[in-house]
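Position 1 is the first residue of the sequence, and the numbers go up from there. Values below: all heavy atoms of this structure, side chains included; hydrogens, waters and symmetry mates excluded.
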Amino acid sequence: MMEICLNNVTKNFGFNNVLDKLSFEVKTGDKIALVGENGCGKSTILKLITKEELPTSGDVFIKKESRVGYLTQEPIKSLFKLSVREILYNSFGNLNKLKNKMDNYECKMNNLTGDKQINAINKYLKVQEEFIKAGGYEIDAKIDKIVSAFNMERLLDLKYEILSGGEKTLVNLVTLLLSNPDILLLDEPTNHLDIRMLEYLEDYLKNYKGTILIVSHDRYFLDKVVDKIILIENGKTNVFHGNYSYFLIENEKRIEKEFKEYKDQQKKIEAMKKSIKKLREFGKKAYPGGEPFFKRAASIEKRLEKLEKKDKPITNNKIPLKLEVGKRSGKDVIVAKNINISFDNHVLFKDANLELFYKEKVCIVGGNGTGKSTLIKYILKNKDLYISESASISYVSQEFSFDDNSITVLDEAKKYFHEEESILRSALSKFMFNGQEVFKRLSKLSGGEKIRLKLFCIMQENNNLLILDEPTNHIDISAKEVLEEAINNYNGTVLLISHDRYFINKVATRIINIENKKLVSYVGNYDDFKNKLKK
């Protein structure tokens with residue numbers, strides 16, 4: 001049965017159309033991902049479905065009486081004065097109202113006598129029966145299970161308004177899952193989740209009985225959850241019946257096929273144009289008897305005008321990121337023995353050991369709060385551990401900042417790139433800083449723009465040890481693919497932290513997992529690591 005239908009939807013915001021006569025259907029039980037370049041209209045589609053935005057033209061249909069739940073990354077102002085515990089219970093809607101009714105009748109039963117008490121008891125039993133049928137006595141168990149899965153115990157008695165941005169988004173997600181709507185609209189649901197939480201969410205959504213529409217840059221997550229991909233390009237859609245890996249293969253085939261058809265048509269158009277030109281020349285030479293040539297030329301010209309022109313297929317304009325190395329480091333790059341780190345009597349690491357060798361690509365994994373970023377900072381600041389004398393370090397922190405946010409992209413790049421400005425601007429254009437964008441103030445850059453600029457800068461350093469803390473945060477799939485390729489071709493050593501399992505699979509040669517305050521090493525990528533844990 002059809003759950004959602006977008007029919008010839010156009011949407012613009014006062015300039016070019018973001019969506020251009022876009023159409024697609026979502027059936028009950030579908031698990032669909034919307035993919036496409038940043039700015040192609042994925043989040044706009046979700047907002048059209050929720051009626052937060054209205055189409056410029058066309059129609060958006062939702063199945064009658066379907067309950068729609070929408071995960072937004074924005075704080076929900078109506079929740080600010082509530083505790084997390086209250087918010088979670090309120091997510092059960094009618095069940096929570098029934099529970100409050102039962103509580104009121106219990107109070108009355110204790111304070112009344114005779115017929116009034118019997119009347120209150122009968123009302124209580126009637127409400128209780130409705131409560132039981134709707135699964136009311138399972139509320140506490142459901143909340144306890146999901147709170148444990150998302151490691152939210154410490155948040156329960158805190159007010160929503162004092163939570164961090166990531167914690168608010170987490171509460172928004174958990175509340176949405178508990179409310180169990182018919183249609184789940186999820187905009188970047190994996191943000192701020194560690195790997196354990198991601199795996200729980202994947203299992204939850206795979207078994208979800210409703211309809212799911214997802215926007216996400218987490219390719220591993222999409223592989224596990226969705227059964228259909230809708231690609232948004234030039235405001236229109238292409239549908240692929242499979243997960244993300246299937247889409248990659250089939251989309252490449254589609255592009256090759258469409259590119260061949262496009263080239264064939266271009267050849268045909270050129271041949272028709274040449275034929276028109278020649279016929280007109282023959283007509284002029286045959287004057288005054290050249291009319292048949294002119295008629296034939298006009299006939300071909302009409303056919304050319306009626307010909308439905310094929311658009312040139314979009315190919316990914318990837319950032320050509322190449323990480324160079326000056327001189328190489330020694331074989332032993334980092335050796336740290338008996339690492340002990342604690343904060344406020346909370347022990348993060350106790351007698352932990354870490355070794356990093358030349359040309360390794362090592363990823364540190366572990367739950368939120370286990371000390372991954374703290375360990376990186378310890379390595380960079382501690383003089384007691386061994387770091388190869390010939391090691392030169394480029395470090396990109398998770399919350400990096402620039403020295404002066406008032407300067408422009410061009411000014412920052414000049415600190416690292418020591419050639420003529422025309423060459424520098426050409427190099428920056430390869431990082432999607434085109435034209436006037438090089439004059440953007442650093443304070444005005446998005447998260448993705450900041451990481452692109454930072455990567456451009458470290459490219460110029462030619463260092464042989466790259467330390468990256470969550471490098472794929474805030475960048476789209478195309479940029480991730482380029483970063484993966486650059487790291488794989490890098491002749492230096494890499495130590496990184498990431499929750500992006502697809503990215504880890506692509507680049508890691510070894511995993512270091514934080515287990516019981518120790519650093520445990522597993523040779524291979526993320527899937528190799530998971531398989532070893534299962535044995």
Review point. Around K99, counting heavy atoms of other residues, nucleotides and ligands shown, do more than 12 lie under 6.0 Å from its NZ?
Key: no
Check your understanding: Regarding K263 and the six-membered ring of F259, is the cationic atom NZ or CZ under 6.0 Å from the ring centre and inside 45° of its axis?
Key -> no
Practice item. Over 60° means perpendicular and under 30° means parallel, so classify the ring planes of Y137 and F131, tilted if in between. Key: perpendicular
Exercise for review: Establish, yes or no, whether a centroid distance under 6.0 Å links the rings of F240 and Y246.
Suggested key: no
Practice item. For R154 and E167, run salt bridge (Lys or Arg N to Asp or Glu O under 4.0 Å): C-alpha distance rounded to whole Å, both residues' side-chain angles, the deciding distance at 0.1 Å, then the answer. Key: CA-CA 11 Å; R154 64 184 181 80; E167 288 168 342; 2.9 Å; yes
Review point. Between K126 and E130, is a salt bridge (Lys or Arg N to Asp or Glu O under 4.0 Å) present by the stated rule, with each step listed?
Key: CA-CA 7 Å; K126 187 176 179 181; E130 189 179 349; over 6 Å; no
Revision key, fill the gap. Here the pair of heavy atoms bringing K206 nearest to V225 is CG-CA, 4.3 Å
**Study point:** N17-T10 side chain donor-acceptor pair, cut-off 3.5 Å
**Key:** no
Check your understanding: Is the closest side-chain donor-acceptor distance between D527 and Y220 under 3.5 Å?
Key -> yes
Review point. Could you go step by step and tell me if E256 and K260 meet the salt bridge (Lys or Arg N to Asp or Glu O under 4.0 Å) rule?
Key: CA-CA 6 Å; E256 287 176 7; K260 183 179 182 303; over 6 Å; no
Practice item. Please say whether the positively charged group of K47, taken as NZ for Lys or CZ for Arg, lies over the ring of Y70, i.e. under 6.0 angstrom from the six-membered ring centre and within 45 degrees of the axis. Key: no
Check your understanding: Is there side-chain contact between V174 and V147, with at least one heavy-atom pair below 4.5 Å?
Key -> no
Practice item. Please lay out, stage by stage, how K268 and D264 fare under the test salt bridge (Lys or Arg N to Asp or Glu O under 4.0 Å). Key: CA-CA 6 Å; K268 181 179 178 181; D264 288 345; over 6 Å; no
**Study point:** Main-chain N/O of S66 paired with D182 side-chain donor or acceptor, under 3.5 Å
**Key:** no
Exercise for review: Check the side chains of N172 and Y160 for a donor-acceptor pair under 3.5 angstrom, ignoring hydrogens and angles.
Suggested key: yes
